[in-house]
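Data first, discussion second: the structure below is written as structure tokens.
Here the structure is a predicted model, which is why all the values come from computation and not from measurement. Computed from heavy atoms alone, side chains included, the values below leave out hydrogens, waters and symmetry copies.
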Amino acid sequence: MKVVIVGGVAGGATAAARLRRLEEQAEIIIFERSGYVSYANCGLPYYIGGEITDREELTLQTPESFRRRFNIDVRVRHEVTAIHPEEKTVEVRDLQSGRTFTESYDKLILSPGAAPVKPDIPGVDGPRVFTLRTVEDTFRIYDFVTQYAPKTAVISGGGFIGLEMAENLINRGIQVTMLQRPRQVMRPLDPDMAAMLHGKLRKAGVDLRLGTSAAALHPAENQVEVELTDGQRLGADMVVLAIGVQSDGSLAKAAGLAVNSRGAIVVSDRMETSHPDIYAVGDAVETTHFVSGKRASIALAGPANKQGRIAADNIAGIPSRYTGAQGSSVLKLFDMTAAVTGLNEAAIQGLGLSYDKVVLTSSSHASYYPGAKSMVVKVLFETPTGKILGAQIVGYDGVDKRIDVLATAIRAGMTAFDLTELDLSYAPPYSSAKDPVNMAGFVMENVLTGKVRQFHWQDVEAIQRDSSAVLLDTRTQREFDRGHIEGALHIPVDELRERMGELPNGKTVYVYCQSGLRSYIACRMLTGNGVECYNLSGGYGFYSTVVKDQCLAPQGTGPCGLAR
């Protein structure tokens, strides 16, 4: 059996290695149009920033190591230019010599990946304009920064690559301006969770400009003049375009294989294309979202590797199926970590599902053990079943561990009630006896069983206008003086039983504290005394972060309902 693989990065390299382990006698050829195979896409920004110092560490395998260990023929700088499914051949161009030739196959695996999206604007191909997708892109940016020592950079796009590039360019001493046409970075997050990343970027010195993008890139003397869609102009020593990637299904489309409206290759759960004996994997394919059940393109390394393994299994005669991706991902942004799995609010609303959400602040480990740091956990769940639909966490230590537990819970179809029963490891340096995942389950259980009713940060403005409602701040006097919601009555939780008579009669009480725990206790007190009560999800800390981000108010003022 002869297997040809188009593309030798995550999906293609994994498929090749798996297939060799299953079929020792198979002839396996990989054609890779770049100069490198099996390289670490996700590590590329960190070489530019100096975190990774050895160029060779970016490549997990080389053509020579593939040959020695797996007896696989890897040909870099070879581009497959056409597929002839009926003849079972591919046309190949050697990019070094220019020679073209035809290669036959019994089975074909397509893993061409995705290409960086370049906006259709003037100047995108200028010498000081960069994209980052391949090792060659990385070396080009690194060499430019090293040789010309730029002082300023504009990054267009606030996704994973844009954010990682912002951090790494700042680490090289470069002043960064980030343009993001949507009004938030990291679109898998909900806007309220992304607000914490906005604050981190601004604190690090990034000039964050939301709601605008580049309209044109004009060459200037040793610079690029960036014309924005809002009419402003910025001068920069370099520009990095990081507005996303587009599945590269052009080769498949030209061969008559089925692709979707965005150009991604349509595959079955066996990773088969619409033509027998041709498989496709990785960023180029459309698969199924595990939670929504809808068709989706999810360009992440984890799914690509799994798909490569499944394609190899099926070629080798082992029935294997891909059940879908749920978009689990994590981002390092300076000392902060953001992670997400499953569906966000926009996706859930688009599906028309009945859902609710909880937001809570937990410590990374026992608060009495030195070094504990806060993380904000948001979990979205179906009502009334409590089935977990998605989760987002922003914080510092321990974020990755908790998102992985929640990702596993989603994969297992678990509910809020199941999270309360998870038996998770505990020692003071690592967690608390009630882990943040358990705590999320407890909060959801309270909501689902009616022990507490919630209101959210976006409800506050309407509550302030409602004459039948009163906002109650249950924090300490010192916390209240540092900042509070405008118009709130202040009674610390430990004084509430004795001072309950100060609450206006007949009014619904909307309670908050810093994180939501003390106000929950206050709500139980009030409910037990016949007072209708709602608790602010996420507390004042979350509310103030989101509101300040939305208002972009100068430091020291009281923006949008925050009084000082």
Please walk me through it: do Asp137 and Thr134 pass side chain to side chain donor-acceptor pair (under 3.5 Å)? CA-CA 5 Å; Asp137 294 336; Thr134 66; 3.3 Å; yes
Take a 6.0 Å sphere around OH of Tyr148 and say whether it holds more than 12 heavy atoms from other residues, nucleotides or ligands. no
Are Ser247 and Val285 packed together at the side-chain level, in the sense that at least one heavy-atom pair is separated by less than 4.5 angstrom? no
Would you confirm whether Glu32, through its side chain, and Ser34, through its main-chain N or O, come within 3.5 Å as a donor-acceptor pair? yes
Checking Arg295 against Thr288: is there a side-chain donor and acceptor pair closer than 3.5 Å? yes
For Lys387, I'd like to know if atom NZ has over 12 heavy atoms of other residues, nucleotides or ligands within 6.0 Å. no
Under the 3.5 angstrom rule, does the side chain of Thr476 hit a backbone N or O of Glu479 as a donor-acceptor pair? yes
If only side-chain N and O atoms count, and only distance matters, is there a donor-acceptor pair under 3.5 Å linking Asp418 with Thr415? yes
Examine distances only and state if a side-chain atom of Asp237 and a backbone atom of Lys151 form a donor-acceptor pair shorter than 3.5 Å. yes
How about His198 and Asp549: does a side-chain donor come under 3.5 Å of a side-chain acceptor? yes
Derivation and outcome, side-chain contact (heavy atoms from CB on, under 4.5 Å), residues Val281 and Arg309: CA-CA 9 Å; Val281 301; Arg309 180 184 177 93; over 6 Å; no
Can you name the nearest heavy-atom pair linking Met186 to Gln184, along with the distance? O-NE2, 3.3 Å
Just checking Asp423: does its CG atom have more than 12 heavy atoms from other residues, nucleotides or ligands closer to it than 6.0 angstrom? no
Nearest 0.5 Å, please: how far is CE in Met165 from OG in Ser156? 13.0 Å
For Asp356 and Thr383, which I'm curious about, is there any donor-acceptor pair between the side chains at under 3.5 Å? no
Within the 4.5 Å heavy-atom criterion, are Tyr512 and Tyr543 side-chain neighbours or not? no
Look up atom CG in Asn171 and atom CG in Leu169, then write down how far apart they are to the nearest 0.5 Å. 9.0 Å
Counting C-beta onward and ignoring hydrogens, is there a side-chain heavy-atom pair between Phe542 and Ser537 closer than 4.5 Å? no
Side-chain polar contacts of residues 211-218 - donor-acceptor pairs under 3.5 angstrom, sequence neighbours left out - could you list them?
from: Thr212; atom 1: OG1; to: Thr229; atom 2: OG1; distance (Å): 3.1
from: His218; atom 1: NE2; to: Glu227; atom 2: OE1; distance (Å): 2.8

Check whether any side-chain heavy atom of Leu406 lies under 4.5 Å from a side-chain heavy atom of Leu419, and answer yes or no. yes
Between Ile141 and Met238, does a side-chain contact (heavy atoms from CB on, under 4.5 Å) hold up when you go through it step by step? CA-CA 9 Å; Ile141 296 173; Met238 62 182 296; 4.1 Å; yes
Distance (rounded to the nearest 0.5 Å) between Ser515 OG and Leu360 CG: 8.5 Å
Minimum-distance pair of heavy atoms, taken over all atoms of Glu164 and Pro45: OE1-CG, 3.6 Å
Applying salt bridge (charged side-chain N to carboxylate O under 4.0 Å, His left out), run through Asp435 and Arg402 and close with a yes or a no. CA-CA 9 Å; Asp435 188 85; Arg402 276 56 183 233; 3.0 Å; yes
When Asn446, Val443, Val452 are each screened for side chain to side chain contact (heavy atoms under 4.5 Å, CB included) with Asn535, the one that passes is Val452
Side chain Gln147, main chain Ala149, donor-acceptor under 3.5 Å: no
Which side chain to side chain donor-acceptor pair (under 3.5 Å) pairs, counting each pair once, include a residue from residues 117-127, with sequence neighbours left out? Lys118-Asp125
CD1-CZ distance between Ile485 and Phe480, expressed to the nearest 0.5 angstrom: 10.0 Å
Is a side-chain N or O of Asn305 found less than 3.5 angstrom from the main chain of Ala301, in a donor-acceptor match? yes
Quick check: closest heavy atoms across His365 and Ala372, and the distance to 0.1 Å? NE2-N, 3.2 Å
Starting at CZ of Phe290, measure out to CG of Leu343 and round the result to the nearest 0.5 Å. 11.0 Å
Considering non-hydrogen atoms only, spot the tightest contact between Met178 and Gly158 and give its length. SD-CA, 3.9 Å
When rounded to the nearest 0.5 angstrom, what is the spacing between OH in Tyr36 and CD in Glu136? 6.0 Å
Quiz question: by atom type and distance under 3.5 Å, do the side chains of Gln550 and Arg183 form a donor-acceptor pair? no
Please confirm whether the backbone N or O of Val330 pairs with a side-chain atom of Asp400, one donor and one acceptor, at under 3.5 Å? no
So does Asn438 get a backbone contact from the side chain of Thr420, meaning a donor-acceptor N/O pair under 3.5 Å? no
Can you find a heavy atom in the side chain of Val377 that is under 4.5 Å from one in the side chain of Val379? yes
Between His456 (side chain only) and Gln458 (backbone N and O only), is there a donor and an acceptor less than 3.5 Å apart? no
Measure from the side-chain N and O atoms of Ser544 to the backbone N and O of Gly541, and report whether any donor-acceptor pair falls under 3.5 Å. yes
So, do Val176 and Asp207 sit near enough that their side-chain heavy atoms are less than 4.5 Å apart? no
Val358 vs Gln454, test: side-chain contact (heavy atoms from CB on, under 4.5 Å). Steps then yes/no. CA-CA 9 Å; Val358 296; Gln454 299 184 110; 3.7 Å; yes
Sequence neighbours left out, what pairs pass side chain to side chain donor-acceptor pair (under 3.5 Å) with at least one residue falling in residues 331-349? Glu167-Lys332, Lys200-Asp335, Gln326-Thr341, Ser328-Thr341, Glu345-Tyr355, Glu345-Lys357, Glu345-Lys378, Gln349-Tyr355
For residues Pro436 and Ser431, report the shortest heavy-atom separation together with the two atoms involved. CD-OG, 4.2 Å
Do we see a donor-acceptor contact under 3.5 Å between the side chains of Gln392 and Asp190? yes
Salt-bridge test for Glu286 and Lys294: reply yes if a basic N is under 4.0 Å from a carboxylate O, no otherwise. no
Flag this pair as yes if the NZ/CZ of Arg172 is under 6.0 angstrom from the six-membered ring centre of Tyr142 and inside a 45 degree cone about the axis; otherwise no. yes
Are the side chains of Thr138 and Ile48 in contact, using a 4.5 Å heavy-atom criterion? yes
Ring centre gap for Tyr369 and Tyr430 strictly below 6.0 Å: no
Using a cut-off of 6.0 Å, state whether more than 12 heavy atoms not belonging to Arg411 lie near its atom CZ. yes
Answer whether the closest heavy-atom distance between the side chains of Val224 and Val154 falls below 4.5 Å. no
On the ring face of Tyr540, is Arg475 found with NZ or CZ under 6.0 Å from the centre and within 45° of the axis? yes
Closer than 4.0 angstrom, basic N to acidic O: yes or no for Asp283 and Arg133? yes
Can you list the steps and then say if Val185 with Leu201 is a side-chain contact (heavy atoms from CB on, under 4.5 Å)? CA-CA 10 Å; Val185 300; Leu201 288 165; 4.3 Å; yes
For the student: nearest non-hydrogen atoms of Ile52 and Gly43, plus distance: CD1-O, 3.6 Å
